Amino acid sequence: MKTYSVKELLSEGKTQQDVVVKGWVRTFRSNRFIALNDGSTINNIQCVIDFENTDEEVLKKITTSAAIEVKGTLVASQGSGQAVEIQAQTITILGASNPEEYPIQPKKHSLEFLRANAHLRVRTNTFSAVMRVRSALSFAVHKFFQEDGFYYVNTPIITGSDAEGAGEMFRVSALDAKNPPLTEEGNIDYAEDFFGKETNLTVSGQLEAETYAMGLGKVYTFGPTFRAENSNTTRHLAEFWMIEPEVAFMDLDGNMDLAERFIKSVLGYVKEHCADDLAFLEQRLLNEEKTKPQNERSPMPLREKIDFILDNNFKRVSYTEAIEILRNSKPNKKKKFDYIIEDWGADLQSEHERYLVEKHFECPVILFDYPAKIKAFYMRLNDDGKTVRAMDILFPGIGEIVGGAQREERYEVLVDKMKTMGIDEEELYWYLDLRKFGTAVHSGFGLGFERLVLFATGMTNIRDVIPFPRTPKNAEF
Ligand code: ATP
Ligand code: MN
């Protein structure tokens with residue numbers, strides 16, 4: 001007898017065959033109907049047991065969360081809930097469970113409660129659906145780039161450059177924390193540390209990816225990224241996954257086109273390949289919406305939101321235009337924003353970004369040409385001398401999902417910029433070398449993978465779209 005996954009049993013015409021399936025009991029009712037799930041799909045397979053002919057000891061152990069093996073015949077179902085079911089002949093208890101102690105009861109649990117049980121939460125419909133969508137999205141990321149002529153590069157996780165400036169870093173050290181070697185001035189002597197210098201966990205692979213783009217042409221990274229930012233928000237993790245394409249001979253317009261094409265491609269993939277999970281997540285969201293006051297409800301069901309992205313062009317707006325819109329907006333005039341927009345040059349907070357996307361344009365927005373002062377040193381200076389070729393993509397419900405730029409490819413301009421911004425030229429000599437030996441226009445962006453998963457699943461807290469979230473004061477598991 002062949003073993004099948006629940007997904008295979010439900011999707012392929014195998015009725016009248018003898019089959020084996022293994023999984024975890026979701027529910028057992030009337031001493032007769034087992035709802036079995038093995039993680040291959042959101043759907044359970046119903047196994048109907050012959051109560052009279054099942055050993056009593058076995059019967060007792062068929063409880064929620066037990067791992068079992070079922071041998072039987074797949075038949076068209078008598079009941080209305082499913083097309084097929086298994087008429088079980090033999091049940092084997094593979095791993096018994098104590099249902100009284102098992103934290104995940106067959107009822108609705110809060111996401112907070114499930115977060116505290118992150119080692120078991122993937123056995124719920126919600127988390128298994130989210131994690132399957134996450135997996136499909138990762139595959140779609142590689143598929144898109146590989147089919148588009150990109151090469152996958154792995155940039156270092158431990159980095160020796162602290163000049164990236166994208167966020168607070170976690171130090172990596174093998175020194176004795178209690179009794180570190182000190183320099184004559186009394187500072188910690190990193191010359192004695194493992195790498196002979198101070199090292200940190202990477203906040204971005206961009207600078208290293210640029211070196212590879214200037215040889216391989218089109219590259220992308222997809223790896224873990226760390227930021228010791230103490231922002232306890234629903235959109236920040238201390239450890240997250242970032243996708244960073246970098247392309248030689250591509251300008252900012254090409255960069256915007258690439259980002260838009262990429263996002264549409266991966267969401268399209270998920271729509272096509274995760275239909276059951278998206279239908280479930282959509283329903284979950286609708287149920288949740290019902291508990292909210294009318295004016296806080298989101299008007300669009302999940303799959304419509306995804307379609308909306310697929311079917312519409314992202315609105316491209318310059319920073320300068322955006323500031324005008326914000327300055328004249330109701331919440332700004334009525335002082336409803338926490339940060340009131342007064343002058344050109346102000347950094348945009350997420351309240352402003354969300355106003356633009358959700359209230360003003362009501363579609364994804366690409367903001368470009370930001371003031372040089374509020375952006376990183378490596379972004380290409382425009383001819384106006386005060387803006388840089390930066391672009392951020394803002395998404396409804398999420399805010400910033402992509403941050404990117406055309407990079408400064410002119411040696412002199414870059415050196416000047418580093419001087420004014422206090423960036424160590426010696427340390428980044430290798431980055432400057434790219435501008436000395438065959439420099440070229442090039443661009444890229446960083447997309448936070450979890451923010452994409454948030455959007456695709458309709459979840460609202462970033463802690464719920466990564467298996468084991470790392471956030472301030474939380475590194476359990
Ligand atoms: P934010 O303003 O939201 O903190 P950022 O300006 O720090 O973002 P970038 O440095 O441009 O972001 O990083 C590129 C992308 O990485 C962001 O657009 C976002 O999708 C993602 N990202 C940044 N910080 C985090 C984080 N702490 N957790 C999860 N994703 C993040
Ligand atoms: Mn940030």
Side-chain angles (χ1 to χ4, degrees), residues 134 137 141 155 159 162-170 201-207 209-210 220-246 252 255-256 258-260 262-263 266-267 314 319 338-339 346-354 356-357 364-368 370-371 373-379 388-407 443-457 459-472 474-475:
R134 183 181 166 108
L137 267 177
V141 167
T155 49
T159 165
D162 62 358
E164 285 154 353
E168 290 298 307
M169 302 180 112
F170 288 101
L201 292 178
T202 183
V203 291
S204 159
Q206 180 205 317
L207 303 191
E210 279 185 54
Y220 70 105
T221 73
F222 185 2
T225 309
F226 307 86
R227 297 194 183 174
E229 47 196 359
N230 212 348
S231 40
N232 238 322
T233 76
T234 53
R235 297 171 302 105
H236 289 92
L237 291 163
E239 176 180 293
F240 63 101
W241 287 65
M242 187 138 68
I243 297 150
E244 296 181 278
E246 193 68 37
L252 192 72
N255 205 16
M256 294 195 245
L258 173 68
E260 185 167 343
F262 167 66
I263 291 175
V266 296
L267 289 177
F314 297 6
Y319 167 90
D338 290 336
Y339 296 86
D347 204 354
L348 300 184
Q349 306 297 323
S350 80
E351 56 180 347
H352 308 125
E353 297 176 343
R354 295 186 66 160
L356 290 170
V357 173
V365 173
I366 311 184
L367 289 186
F368 62 91
Y370 281 76
K373 282 210 177 94
I374 59 171
K375 289 289 181 186
F377 74 95
Y378 49 73
M379 298 189 178
V388 286
R389 302 245 75 192
M391 65 123 178
D392 280 4
I393 302 187
L394 314 177
F395 252 47
I398 310 279
E400 182 188 326
I401 191 161
V402 162
Q406 183 174 325
R407 321 304 186 188
S443 305
F445 62 82
L447 176 140
F449 184 57
E450 283 74 19
R451 294 199 186 166
L452 189 64
V453 185
L454 271 181
F455 184 80
T457 58
M459 300 300 282
T460 47
N461 192 321
I462 201 162
R463 294 166 177 79
D464 296 331
V465 299
I466 188 165
F468 298 104
R470 268 80 182 97
T471 50
N474 172 37

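For ligands, and for the atoms within them, numbers begin at 1 and follow the listed sequence. As a basis for the values below, the full set of heavy atoms in this structure was taken, side chains included, without hydrogen atoms, waters or symmetry mates. Numbering starts at 1 and runs along the sequence shown. The structure displayed is predicted, hence computed values, not measured ones.
Remark: ligand 1 and Leu237 share an N or O pair separated by less than 3.5 Å (distance only, no angle test). Here's the thing with Gly448: one of its N/O atoms is less than 3.5 angstrom from an N/O atom of ligand 1. Looking at Ile401 next to ligand 1, an N or O pair under 3.5 Å apart turns up.
Only the side chain of Arg227 comes within contact range of ligand 1, with a heavy atom under 4.0 Å; no backbone atom does. With a heavy-atom cut-off of 4.0 Å, Ile462 touches ligand 1 through its side chain alone.
Under the 4.0 angstrom criterion for non-hydrogen atoms, Leu452 is not in contact with ligand 1.
Evaluated by nearest non-hydrogen atom to atom 16 (O) of ligand 1, the leading choice among Met242, Gln206, Glu450, Glu168 is Met242. Considering Arg470, Glu400, Glu229 only, the shortest heavy-atom separation from atom 8 (O) of ligand 1 involves Glu400. Counting heavy atoms only, His236 comes closest to atom 1 (P) of ligand 1 of the residues Arg235, Lys375, Glu353, His236.
Although no hydrogens or angles enter the test, the distance criterion places no donor-acceptor pair under 3.5 Å between the side chain of Glu168 and the main chain of Ala228.
Qualifying salt bridge (Lys or Arg N to Asp or Glu O under 4.0 Å) partners for Arg354, counting only residues two or more places apart in sequence or in other chains: Glu358.
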Please list every donor-acceptor pair under 3.5 Å in which a side-chain atom of residues 391-399 meets a protein atom from a residue at least two apart or in another chain.
residue, atom, partner, partner atom, Å
Asp392, OD1, Lys375, NZ, 3.4
Asp392, OD2, Tyr370, OH, 3.4
Asp392, OD2, Lys375, NZ, 3.2

